Amino acid sequence: QKEVEQDPGPLSVPEGAIVSLNCTYSNSAFQYFMWYRQYSRKGPELLMYTYSSGNKEDGRFTAQVDKSSKYISLFIRDSQPSDSATYLCAMSGGGNYQLIWGAGTKLIIKP
Amino acid sequence: DAEITQSPRHKITETGRQVTLACHQTWNHNNMFWYRQDLGHGLRLIHYSYGVQDTNKGEVSDGYSVSRSNTEDLPLTLESAASSQTSVYFCASSEGRVREQYFGPGTRLTVT
């Protein structure tokens, strides 16, 4: 079993829909949670960063961490075709600075 | 503006050749990482460094080496390229104890 599980999709939704992307993890030591967005043939770019539990909002994006369930989510409101990309979750904990990555979910927003 | 660059962006090489991929960052970050990304596998860590003269193996380090002689650069060397090393390679960096990593644009390597 992988430390971080993420459904690879693709997830296809109509423009304007609310999108929910999720990751589950097994290591209770994880404290730092990140979402990256990767456009085709580009490097991943940091989208959201959360420390420990709770919610964080940035414009149309909300990151949610539920440490009791070992479950993190990224919500995208009013989705746009420009949101079409692969979304990767990453997390870290303990004394090292490595990130443990999900496989990425490919998201397609249909106009 | 600070940035992280990779070169070359595309490379085709033959089996058995030595190849070096360059990574240069102007963030002045202590931590640098090399990943490969393949369909179905996501990002896999090859090597990483927490400072000058420090290098460590990641989960897929066989056939690869790195050296860190200054803060800005972490070149990745494929000692004897194999077809299984055809992939997209990403370099990333992060500052000190901060966990967020910032990525370069990637190098697409094809080994024929």
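Labels below follow one simple rule: chain letters A, B, ... track the order of the sequence lines, proteins then strands, and each chain is numbered from 1. Source: prediction; values computed, not measured.
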- Query: Is it true that a side-chain atom of B:Q6 and a backbone atom of B:Y89 form a donor plus acceptor pair closer than 3.5 Å?
  - Reply: yes
- Message: Under 4.0 Å between a side-chain nitrogen and a carboxylate oxygen: does that hold for A:K2 and A:E5?
- Response: no
- For B:H47 and B:N56, indicate whether the former's side chain and the latter's backbone hold a donor-acceptor pair under 3.5 Å. yes
- Which residues in residues 12-32 of chain A have a heavy atom less than 4.5 Å from any heavy atom of chain B? A:Y32
- Message: Please check: side-chain N/O of A:Q6 versus main-chain N/O of A:V4, any donor-acceptor pairing under 3.5 Å?
- Response: no
- Item | Part of residues 24-38 of chain B lying next to chain A, heavy-atom separation under 4.5 Å | B:N31, B:F33, B:Y35, B:Q37
- Message: Using side-chain heavy atoms (C-beta onward) and a distance below 4.5 Å, is A:F33 in contact with A:I72?
- Response: yes
- Nearest atoms (heavy-atom pairs only) where B:Q85 meets B:A81: OE1-CA, 3.3 Å
- What are the two closest heavy atoms between B:L21 and B:P8, and how far apart are they? CD2-CD, 4.3 Å
- Message: Are there over 12 heavy-atom neighbours, none belonging to B:E95, within less than 6.0 Å of that residue's CD?
- Response: no
- Given side chain to side chain contact (heavy atoms under 4.5 Å, CB included), test A:L47 with A:Y36 step by step and report yes or no. CA-CA 5 Å; A:L47 196 58; A:Y36 283 78; 5.9 Å; no
- Only one of A:D83, A:L11, A:I76 clears side-chain contact (heavy atoms from CB on, under 4.5 Å) with A:I109; which? A:D83
- Message: Assess whether a salt bridge exists between A:R37 and A:E45, defined as any Lys/Arg side-chain N lying under 4.0 Å from an Asp/Glu carboxylate O.
- Response: yes
- Message: Is there a side-chain contact between A:M34 and A:M48 in this structure, where contact means two heavy atoms from C-beta onward sitting under 4.5 Å apart?
- Response: no
- State, without any angle test, whether B:T20 and B:T77 hold a side-chain donor-acceptor pair at a distance under 3.5 Å. yes
- Side chain, backbone, both or neither: which part of A:P8 has an atom under 4.5 Å from a heavy atom of chain B? neither
- Query: Would you say A:T105's side chain and A:D7's backbone share a donor-acceptor pair under 3.5 angstrom?
  - Reply: yes
- Item | Close approach to chain B in residues 50-69 of chain A, criterion heavy atom under 4.5 Å | none
- Task: Identify the residues of residues 99-112 of chain B whose heavy atoms come closer than 4.5 Å to a heavy atom of chain A, ordered by number, or report 'none'.
- Result: B:R99, B:E100, B:Q101, B:Y102, B:F103, B:G104, B:P105, B:R108
- Message: Please classify the contact between A:Q38 and chain B as side chain, backbone, both or neither, with a heavy-atom cut-off of under 4.5 Å.
- Response: side chain
- Walk me through it: do B:Y50 and A:Y97 pass the test ring pair (Phe, Tyr, Trp, His ring centres under 6.0 Å)? CA-CA 9 Å; B:Y50 288 154; A:Y97 310 118; 5.3 Å; yes
- Which bit of A:I100 comes within less than 4.5 Å of chain B, counting heavy atoms only: side chain, backbone, both or neither? neither
- Answer with side chain, backbone, both or neither: which region of A:L46 has an atom nearer than 4.5 Å to a non-hydrogen atom of chain B? side chain
- Item | Side-chain donor or acceptor of A:R77 paired with backbone N/O of A:S79 under 3.5 Å | no
- Search all heavy atoms of A:G43 against all heavy atoms of B:F90 and return the closest pair with its distance. CA-CE2, 3.3 Å
- A:P10 versus A:I108, closest heavy-atom pair with distance: CB-CD1, 4.1 Å
- Message: Need one label for A:Y49: side chain, backbone, both or neither, based on atoms under 4.5 Å from any heavy atom in chain B.
- Response: side chain
- Query: Which atom pair, heavy atoms only, marks the closest approach of B:S67 to B:T55?
  - Reply: CA-CG2, 4.1 Å
